[in-house]
Amino acid sequence: MQNTRLHIFGGKALLQLESWTQNPWRRASLLAIIFFGGFSIGASVGALAGAMSFLDPLAAFLFVVLAELAIRARKPLLLKGGDKLLLGLLDMARMGLVYGLLLEGFKASV
């Protein structure tokens, strides 16, 4: 991969984020923000797909594909040494999305 400005800036931003989250409270708050952001997106997409009932199969398919891609992206992140911040962020986003969809599904069935 070429060393472009965007590639260099992205690498520095990730390193700065990892160094910023060395404090356990900062790491926990960042993971919580990502989880609740994923929950919010999952709940809103579930509510919108439920209101426009013709989008239910398409929204379900997209979320299954998105969750499967997130699961498949875990293996390279697990094998990578060093800080596991990206793995935690990916897992929190995935869990928030799924939890938001499940909660919307339970609300719709009542």
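Bear in mind the structure is a predicted one, so any value in this text is a computation, not a measurement.
Shown here for A73 and L90, the closest heavy-atom pair between the two residues is CB-CD2, 4.0 Å. The minimum heavy-atom distance linking R94 with A70 is given by the pair CD-CB, 3.7 Å. Listed here is the closest heavy atom pair of L77 and K84: O-NZ, 3.5 Å. Taking both residues in full, the closest heavy atoms of D91 and R74 are given as OD1-NE, 2.9 Å, listed atom of the first, atom of the second, then distance.
When the side chains of ILVMFWY residues are joined at heavy-atom separations under 4.5 Å, either directly or via intervening members, L48 and L101 end up in two distinct hydrophobic clusters. Residues L97 and I71 fall into different hydrophobic clusters, defined by Ile, Leu, Val, Met, Phe, Trp and Tyr side chains chained together at heavy-atom separations under 4.5 Å. V45 and F39 end up in different hydrophobic clusters when Ile, Leu, Val, Met, Phe, Trp and Tyr side chains are linked at under 4.5 Å. Note on L66 and Y99: separate hydrophobic clusters, where clusters join Ile, Leu, Val, Met, Phe, Trp and Tyr whose side-chain heavy atoms are under 4.5 Å apart, directly or indirectly. Tracing side-chain contacts under 4.5 Å through hydrophobic residues (I, L, V, M, F, W, Y), one reaches L31 starting from F36; they form part of the same cluster.
Atom CG of residue L89 and atom CZ of residue F35 lie 13.5 Å apart, to the nearest 0.5 angstrom.
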Yes or no on side-chain contact (heavy atoms from CB on, under 4.5 Å) for L30 and L17, after CA distance, side-chain angles and deciding distance?
CA-CA 10 Å; L30 180 64; L17 184 65; 4.0 Å; yes
Any chance you could lay out the side-chain contact (heavy atoms from CB on, under 4.5 Å) test for L14 and L86, step after step, and finish with the verdict?
CA-CA 9 Å; L14 182 61; L86 283 179; 3.9 Å; yes
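Within the 4.5 Å cutoff, the side chain of Q22 has heavy atoms near those of the D83 side chain. A 4.5 Å side-chain heavy-atom check between I33 and M92 finds every atom pair outside the cut-off.
Residue L6 qualifies as open at atom CG: its count of foreign heavy atoms under 6.0 Å is 12 or below. Applying the 6.0 Å contact sphere to CZ of F63 captures more than 12 heavy atoms from other residues, nucleotides or ligands.
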